[in-house]
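Read through the structure below, which is laid out as structure tokens, and then see the notes.
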Amino acid sequence: MINLPNIISLSRIFLLVPIVFLFENKFYELSLIIFVIAAFTDFLDGYVARFKGQESETGALIDLLSDKIFVSVILIWLSFLYSNYIILVSTILIISREIIISYVRLHLNSLGNLNIKDLSADYLGKIKTTLQMSGIAFLIVSELFNQVIFYLSVTLILLSAIISWISLINYFKKWNL
């Protein structure tokens with residue numbers, strides 16, 4: 001069912017194109033603005049769904065899919081762009097965690113052991129997302145600043161990778177795996 005919250009979720013995927021295009025053409029500030037708007041939709045879609053009473057398992061899955069595509073594509077692109085091993089290792093850790101979590105959710109759902117509340121992020125997931133988005137945002141504009149901003153962004157992305165795996169362990173405990 002296509003409704004406003006789902007459209008907001010899907011917009012994250014479509015906003016990838018202008019983010020990359022603007023960055024590649026050295027419009028770093030505009031790329032950052034579009035990135036921040038896209039990152040904000042991660043909060044906005046859930047808020048609108050709750051406000052309009054349109055929460056659904058389909059919407060939760062569309063939100064998760066949009067998140068995974070958005071973060072994975074951005075991190076893969078940045079890994080390629082910067083050729084930095086810490087970004088690359090963090091990207092591998094983050095994406096592999098997302099694949100594992102998605103597979104386990106799918107498996108539990110097929111067994112009937114999962115409901116919409118099991119799809120929502122825990123507090124570590126929210127911290128991970130905040131660190132990821134902040135790190136990516138700083139990386140997008142790091143071309144405009146000195147190396148300190150670059151290293152700050154790499155550190156934030158690495159921290160988000162570490163927290164993402166701690167969060168994975170918490171999910172396993174929550175789901176009795």
Side-chain angles (χ1 to χ4, degrees), residues 1-2 5-17 19-20 23 35 38-46 49 55-140 153-177:
M1 169 197 215
I2 297 295
N6 293 349
I7 291 169
I8 293 169
S9 293
L10 291 169
S11 73
R12 276 194 294 287
I13 297 169
F14 296 108
L15 289 172
L16 285 165
V17 173
I19 292 167
V20 172
F23 182 93
F35 174 80
F40 181 69
T41 66
D42 190 21
F43 159 76
L44 187 62
D45 57 5
E55 291 177 286
S56 68
E57 287 190 30
T58 301
L61 290 172
I62 288 171
D63 178 47
L64 285 171
L65 181 62
S66 296
D67 290 345
K68 304 312 175 225
I69 291 171
F70 181 70
V71 169
S72 297
V73 168
I74 288 277
L75 287 173
I76 290 168
W77 168 62
L78 292 171
S79 295
F80 173 77
L81 184 69
Y82 285 100
S83 299
N84 177 285
Y85 287 113
I86 296 174
I87 296 172
L88 176 62
V89 168
S90 298
T91 297
I92 291 168
L93 288 172
I94 290 166
I95 292 174
S96 62
R97 181 262 192 197
E98 298 304 338
I99 291 169
I100 292 167
I101 228 124
S102 295
Y103 173 78
V104 170
R105 282 178 173 148
L106 179 65
H107 177 68
L108 291 175
N109 190 48
S110 73
L111 297 174
N113 296 342
L114 194 67
N115 64 46
I116 193 168
K117 294 202 185 312
D118 293 323
L119 296 175
S120 60
D122 63 0
Y123 72 97
L124 278 178
K126 293 177 190 296
I127 292 169
K128 170 205 57 123
T129 299
T130 301
L131 290 172
Q132 267 178 5
M133 297 304 170
S134 299
I136 293 168
F138 283 126
L139 201 51
I140 288 172
S153 63
V154 171
T155 301
L156 291 172
I157 292 169
L158 178 60
L159 283 173
S160 75
I162 293 166
I163 290 173
S164 74
W165 275 81
I166 294 169
S167 171
L168 175 66
I169 292 165
N170 283 349
Y171 274 119
F172 283 174
K173 288 178 184 175
K174 175 181 171 182
W175 296 333
N176 297 316
L177 298 175

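Model, not experiment: these values are computed from the prediction. The residues of the chain are indexed from 1 along the displayed sequence.
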Any side-chain heavy-atom pair of [X] and [Y] under 4.5 Å:
| X | Y | value |
| --- | --- | --- |
| S167 | R97 | yes |
| I162 | L158 | yes |
| W165 | I100 | yes |

Evaluate the criterion side chain to side chain contact (heavy atoms under 4.5 Å, CB included) for residue pair Q132 and I74; output intermediate values, then yes/no. CA-CA 10 Å; Q132 267 178 5; I74 288 277; over 6 Å; no

Is the side chain of [X] donor-acceptor paired with the backbone N or O of [Y] at a distance under 3.5 Å, no angle test?
| X | Y | value |
| --- | --- | --- |
| S96 | L93 | yes |
| S153 | F138 | no |
| Y103 | E98 | no |
| S110 | H107 | yes |
| T91 | I87 | yes |
| S164 | A161 | yes |

Please round to the nearest 0.5 Å and tell me the distance separating atom [atom1] of [X] and atom [atom2] of [Y].
| X | Y | atom1 | atom2 | value |
| --- | --- | --- | --- | --- |
| K128 | I166 | NZ | CD1 | 12.5 Å |
| I94 | L168 | CD1 | CG | 12.5 Å |
| L81 | I76 | CG | CD1 | 13.5 Å |
| D42 | I8 | CG | CD1 | 11.5 Å |
| S83 | L88 | OG | CG | 9.0 Å |
| L131 | I127 | CG | CD1 | 7.5 Å |

If you count the non-hydrogen atoms of other residues, nucleotides and ligands that lie under 6.0 Å from [atom1] in [X], is the total more than 12?
| X | atom1 | value |
| --- | --- | --- |
| F23 | CZ | yes |
| F172 | CZ | yes |
| I69 | CD1 | yes |

Are the aromatic ring centres of F35 and F70 under 6.0 angstrom apart?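 Yes - the distance between ring centres of F35 and F70 falls below the 6.0 Å cut-off.
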
Would you say the side chains of R12 and T41 form a donor-acceptor pair under 3.5 Å?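 Their side chains do contain a donor-acceptor pair, which is all the 3.5 Å distance test asks for.
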
Could you go through V20 and W77, starting from their C-alpha distance and side-chain angles, then the distance that decides it, and tell me whether this counts as side chain to side chain contact (heavy atoms under 4.5 Å, CB included)? CA-CA 8 Å; V20 172; W77 168 62; 3.8 Å; yes

Tell me the closest heavy-atom pair linking I19 and A38, and the distance in Å.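 Shortest heavy-atom separation between I19 and A38 comes out as CD1-CB, 4.3 Å.
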
Residue of the set L78, L159, I157 for which side-chain contact (heavy atoms from CB on, under 4.5 Å) holds with S90: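 So, applying the side-chain contact (heavy atoms from CB on, under 4.5 Å) to S90 and each of L78, L159, I157, only I157 qualifies.
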
